[in-house]
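Single-structure report; data block below.
Values in this document were obtained by computation on a predicted structure and should not be read as measured data.
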Amino acid sequence: MTASAPVVVEVDIPSDVVGTSAGLAGVMAIPEGEGPWPGVILVHEAFDINDNMRRQVQRMAEAGYLAVMPNLFTEGGARKCLMATFRALSAGRGRAFQDIEAARRMVLARPDSTDKVGVIGFCMGGGFALALASGSRYDVSSVNYGRFPKDADAVLADACPVVASYGARDRSLKNAAAKLDAILTRIQVAHDVKEYPTAGHSFLNEEEEGAVALRPVMRMILGAGPDPEAAADAWQRIEAFFGEYLH
């Protein structure tokens with residue numbers, strides 16, 4: 001990051017949405033210069049808001065977006081909240097969705113915000129980004145190694161444009177890119193879906209994460225870890241796609 005890169009700061013997210021986490025927190029970065037700017041809501045991985053996730057927030061602000069990442073584990077960290085968050089993702093409703101909605105409303109209520117907002121998610125957050133593509137709340141969605149919602153055809157029937165990236169070495173999402181591309185083509189949703197042959201899960205991260213003892217297993221099963229070449233291409237696609245639909 002450059003010396004003048006936007007600073008990522010801790011924020012309290014107003015909980016005016018019914019069913020949000022008590023004391024909902026998150027992180028935010030604001031672009032340099034004068035607005036107004038479109039907004040982007042980022043949804044974090046299963047490892048909580050760590051350095052990798054803060055860099056993604058900063059990257060989106062550098063690209064010219066009001067970037068906010070709500071902490072879906074506000075009420076007790078990953079150990080307490082992880083399973084409940086995955087249950088909400090599977091059900092398509094619940095506190096995690098309400099927390100993300102509170103962040104969206106916070107961005108849109110700012111005087112330096114336009115009326116455009118996108119969503120981007122990684123790993124667990126990629127699943128949320130795909131589910132949230134449905135309806136009219138977001139203008140564009142970026143899905144990064146995210147799982148499909150149940151009955152994906154029906155859920156995505158009225159989806160916003162989607163840009164998605166997967167790694168071929170990720171055994172947990174085998175053929176996911178081809179399946180998503182086929183669904184979005186069939187229901188005529190604008191999209192850009194790509195699978196990277198050398199990449200696995202979490203390839204957009206700049207460093208490995210998770211317990212050190214588990215990393216060899218994660219690499220074996222998920223192909224997890226950074227892939228700078230694939231990441232550079234994916235970010236170029238994401239920024240071009242967001243630029244088309246948010247500016």
Side-chain angles (χ1 to χ4, degrees), residues 1 5-13 21 23-31 39-63 65-82 84-86 88-89 95-97 99-104 106-107 117-132 138 141-147 163-167 170 199-212 214-215 218 222 224-228 230-232 234-235 238-239 242:
M1 299 299 178
V7 177
V8 179
V9 298
E10 306 286 331
V11 293
D12 294 322
I13 298 173
S21 297
L24 180 59
V27 294
M28 180 176 188
I30 300 173
V40 170
I41 307 305
L42 298 96
V43 190
H44 59 77
E45 295 184 334
F47 291 109
D48 210 332
I49 299 179
N50 54 23
D51 288 343
N52 277 315
M53 294 297 98
R54 287 183 174 84
R55 279 193 284 270
Q56 313 300 31
V57 174
Q58 189 175 56
R59 175 183 286 273
M60 295 312 296
E62 286 183 314
Y65 302 104
L66 290 168
V68 176
M69 179 178 282
N71 187 346
L72 304 186
F73 303 154
T74 290
E75 289 197 6
R79 181 170 297 182
K80 180 179 178 181
C81 302
L82 181 62
T85 304
F86 270 109
L89 176 58
R95 185 171 64 192
F97 282 96
D99 289 349
I100 297 167
E101 174 62 12
R104 186 188 74 91
M106 183 187 82
V107 166
V117 62
V119 60
I120 180 171
F122 312 89
C123 176
M124 176 187 78
F128 279 101
L130 188 55
L132 289 164
Y138 292 95
S141 173
S142 173
V143 179
N144 300 290
Y145 24 93
R147 296 185 178 279
V163 54
S165 299
Y166 291 88
D170 185 352
H201 206 73
S202 301
F203 73 89
L204 290 175
N205 290 343
E206 293 184 13
E207 58 188 35
E208 290 188 87
E209 55 192 5
V212 175
L214 294 177
R215 289 178 185 176
M218 292 172 64
L222 304 177
D227 186 325
W235 279 118
I238 292 166
E239 291 178 10
F242 272 39

Heavy-atom pair with the smallest gap, counting every atom of F128 and A96: CZ-CB, 3.6 Å
Aromatic ring pairing H201/Y145, orientation class (parallel under 30°, perpendicular over 60°, tilted between): tilted
Atom pair CD1 (I41) and CE (M106), whose distance is rounded to the nearest 0.5 Å: 7.0 Å
A224 versus E208, closest heavy-atom pair with distance: O-OE1, 4.4 Å
Rounded distance (nearest 0.5 Å) linking atom OG of S142 with atom CE of M60: 7.5 Å
Salt-bridge present (E10, R54; N to O < 4.0 Å): yes
Note, I120 side chain near S141 side chain (heavy atom, < 4.5 Å): no
Contact check, side chains of I13 and N71, non-hydrogen atoms, under 4.5 Å: no
Min side-chain heavy-atom separation L132-I100 under 4.5 Å: yes
Test salt bridge (charged side-chain N to carboxylate O under 4.0 Å, His left out) applied to E101 - qualifying residues, sequence neighbours left out: R104, R105
Residue pairs, two or more places apart or on separate chains, that pass salt bridge (Lys or Arg N to Asp or Glu O under 4.0 Å) and touch residues 67-78: E75-R95
Heavy-atom pair with the smallest gap, counting every atom of M53 and I49: CB-CA, 4.1 Å
Distance-minimising heavy-atom pair for D51 and E207: CB-OE2, 4.2 Å
L72 CG to T85 OG1 distance, which is reported to the nearest 0.5 Å: 5.5 Å
Heavy-atom pair with the smallest gap, counting every atom of I30 and P6: O-CB, 3.3 Å
4.5 Å side-chain heavy-atom contact, N205 and R55: no
Straight-line distance of D12 CG to M28 CE, nearest 0.5 Å: 12.5 Å
pair V143-Y166: side-chain heavy atoms closer than 4.5 Å: yes
Rounded distance [0.5 Å steps], CE in M124 versus CG in L89: 8.0 Å
Ring geometry between W235 and F122 (parallel below 30°, tilted from 30 to 60°, perpendicular above 60°): tilted
Minimum heavy-atom distance between L204 and A234, given as atom pair plus value: CD2-CB, 3.8 Å
